Student: 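Mind looking over this structure? Questions follow.
Please read all numbers here as calculations on a predicted model, not as lab measurements. Proteins get letters first, then strands, A, B, ... in listed order; numbering begins at 1 in each.
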2 protein chains.
Amino acid sequence: MLPVKISTRGQYGVRAMTVLAARYGDGPIPVRDIAAAQGLSQSYLEQLLGPLRRAGLVRSVRGPEGGYYLASQPSEVSVGDVLRVLEGPLSPVDCVDEDSDPGLCSREDGCPARKVWVMVRDSVNRVVDSVSLQDLLSGEDLDGRRSVDGAASGSVL
Amino acid sequence: MLPVKISTRGQYGVRAMTVLAARYGDGPIPVRDIAAAQGLSQSYLEQLLGPLRRAGLVRSVRGPEGGYYLASQPSEVSVGDVLRVLEGPLSPVDCVDEDSDPGLCSREDGCPARKVWVMVRDSVNRVVDSVSLQDLLSGEDLDGRRSVDGAASGSVL
DNA sequence: GACAATCCCGAGTAGGTTAGTCAGGAAAGC
DNA sequence: GCTTTCCTGACTAACCTACTCGGGATTGTC
């Protein structure tokens, strides 16, 4: 009944990444510490770090003193980067998912609803791409930070 | 793996409402016709029209020549109105859902990720509230129509 | 080289949700 | 009454989520 949700994969993934961002430069952080810092299940979190590593967002070191660390500076990793790895394309409906089969929506251009799904998709992507892990750590509220273009904030889109 | 989705309830609901919008003023449209116009299951669609009627978005007439019709003009019904009835609050994660228990997220203000969920929630709500059924019917693309404030379009939010 | 810490990976699973179907009852018009 | 339509609730198959678990591979330390 309320399925416009980001799953725990994405939620936990972003939270885990903020932990790594906060300790950027401290060397590898073991999964145990990341999980403890955010109150997450360690074995579940391991499942999320695999994809993030394969996507190049984090790097890992095995053995004692091992763990995970951010591959880039916290300001260079966007929430969108993390979410797309863990959730797949951020598209509210399949028929506007650019990566999937184009034959899914037989209605294509004739579907009046399609327009709004595109707008929602683009809006969500713009927001998550505009917020970096660094932004999440800073105490200040962000309403238009890391703006993609120079327009004033507050527009409906 | 890609669960940032609007369910079929919301999708079909909006599509059904565009049918009613296109035939606004024609009197009641039977469910059979609505379903046929958009290629939906009639009995499933009946399940969606119940909540929409109880929410006051559509009205119904029973008996022969009966059916459903929009309670307001197509320009006065937003996609957000429809989605909130069928999907519940449009909130990407429970911890920023204003209508639910506030005790869900024990982290509350300490959670760095919370900020971005609020931004996503507000962004999605602004978009769907800014698009009316009328907007979906008109052929033109809408990039900033029915703007809530006067700012130029194209801002990141 | 043994040991321990850690990453790493796939299998399995309980529970919930989604996307429907189906049967039947209640109004309303002819 | 008869038909048309709305209206409701029960039911269900399939899928997905959010995990747990077991074990293997790597690396550093003694």
Student: Check the distance between C/dG20's C1' and B/Leu49's CG and give it to me in whole angstrom.
Tutor: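 Checked: the CG to C1' distance equals 15 Å.
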Student: State whether A/Tyr12 places a side-chain N or O below 4.0 Å from either non-bridging phosphate oxygen (OP1 or OP2) of D/dA18.
Tutor: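 So the side chain of A/Tyr12 is outside the cut-off, no N or O lying under 4.0 Å from OP1 or OP2 of D/dA18.
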Student: Among D/dC6, D/dA18, D/dC19, which nucleotide has an atom closest to any side-chain atom of B/Arg62?
Tutor: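 Looking only at side-chain atoms, B/Arg62 lies closest to D/dC6.
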Student: So which atom in B/Gln42 and which in B/Ala35 form the shortest heavy-atom distance, rounded to 0.1 Å?
Tutor: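 Taking B/Gln42 first and B/Ala35 second, the nearest heavy atoms are CA-CB, 3.9 Å.
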Student: Is there a side-chain polar atom (N or O) of A/Ser7 under 4.0 Å from OP1 or OP2 of D/dT17?
Tutor: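 Answer no for this pair, as no side-chain N or O of A/Ser7 is under 4.0 Å from OP1 or OP2.
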Student: In this structure, would B/Val19 and B/Val61 fall into the same cluster of hydrophobic residues linked by side-chain contacts under 4.5 Å?
Tutor: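 Result: no, two separate clusters.
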Student: Would you call B/Arg126 and A/Ser123 a side-chain contact if the rule is heavy atoms closer than 4.5 Å?
Tutor: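 No - every pair of side-chain heavy atoms lies 4.5 Å or more apart.
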Student: How many Å lie between CG on B/Asp33 and P on D/dT5, as a whole number?
Tutor: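 Atom-to-atom, B/Asp33 to D/dT5, this comes out as 8 Å.
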Student: Base of D/dT5, side chain of B/Glu46 - is there a donor-acceptor contact under 3.5 Å?
Tutor: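 Answer is no: no donor-acceptor pair is held.
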Student: Between A/Gln11 and B/Val31, which is nearer to the 5' end of DNA chain D once each is assigned its nearest nucleotide?
Tutor: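 Result of the comparison: B/Val31.
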Student: What's the CG-P distance between B/Leu45 and D/dT8, to the nearest Å?
Tutor: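 Nearest whole value for this atom pair: 14 Å.
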Student: Grab the CZ-P distance between B/Arg54 and D/dC7 for me, whole Å please.
Tutor: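 So the CZ-P distance, B/Arg54 to D/dC7, works out to 9 Å.
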Student: For the atom pair CE (A/Met17) and CG (A/Leu83), what is the distance rounded to the nearest 0.5 Å?
Tutor: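 So the CE of A/Met17 and the CG of A/Leu83 are separated by 10.5 Å.
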Student: Answer yes or no: does a side-chain N or O of A/Arg53 lie under 4.0 Å from OP1 or OP2 of C/dC9?
Tutor: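 Yes.
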Student: Whether the side chain of B/Gln42 and the base of C/dT21 hold a donor-acceptor pair under 3.5 Å is what I'd like checked.
Tutor: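 Result: no qualifying N/O pair found.
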Student: Phosphate oxygens OP1/OP2 of D/dT20: is one of them under 4.0 Å from a side-chain N or O of A/Ser43?
Tutor: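 Affirmative; the distance criterion is met.
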Student: With the side chain of B/Pro30 defined as its heavy atoms from C-beta on, choose the nearest nucleotide among C/dA11, D/dC6, C/dC7.
Tutor: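 Of all the options, the side chain of B/Pro30 is nearest to D/dC6.
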Student: May I ask you to evaluate whether A/Ser41 reaches the phosphate of D/dT20, defined as a side-chain N or O under 4.0 Å from OP1 or OP2?
Tutor: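 Affirmative; the distance criterion is met.
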Student: Does A/Tyr44 put a side-chain nitrogen or oxygen below 4.0 Å from OP1 or OP2 of C/dT13?
Tutor: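 Negative; the distance criterion is not met.
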Student: Hey, what do you get for CZ (A/Arg15) to OG1 (A/Thr8), rounding to the nearest 0.5 Å?
Tutor: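 Rounded to the nearest 0.5 Å, the CZ-OG1 separation comes to 10.0 Å.
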Student: Hey, does the side chain of A/Arg9 come within less than 4.0 Å of D/dA18's phosphate (OP1/OP2), counting only N and O?
Tutor: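 No.
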Student: What nucleotide among D/dC6, D/dT4, C/dC8 has an atom nearest to a side-chain atom of B/Ser60?
Tutor: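 When the side chain of B/Ser60 is considered, D/dC6 is the closest of D/dC6, D/dT4, C/dC8.
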Student: Checking contacts here: which listed nucleotide (C/dA19, C/dA4, D/dG9) is nearest the side-chain heavy atoms of B/Gln47?
Tutor: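 Between C/dA19, C/dA4, D/dG9, the one nearest the side chain of B/Gln47 would be D/dG9.
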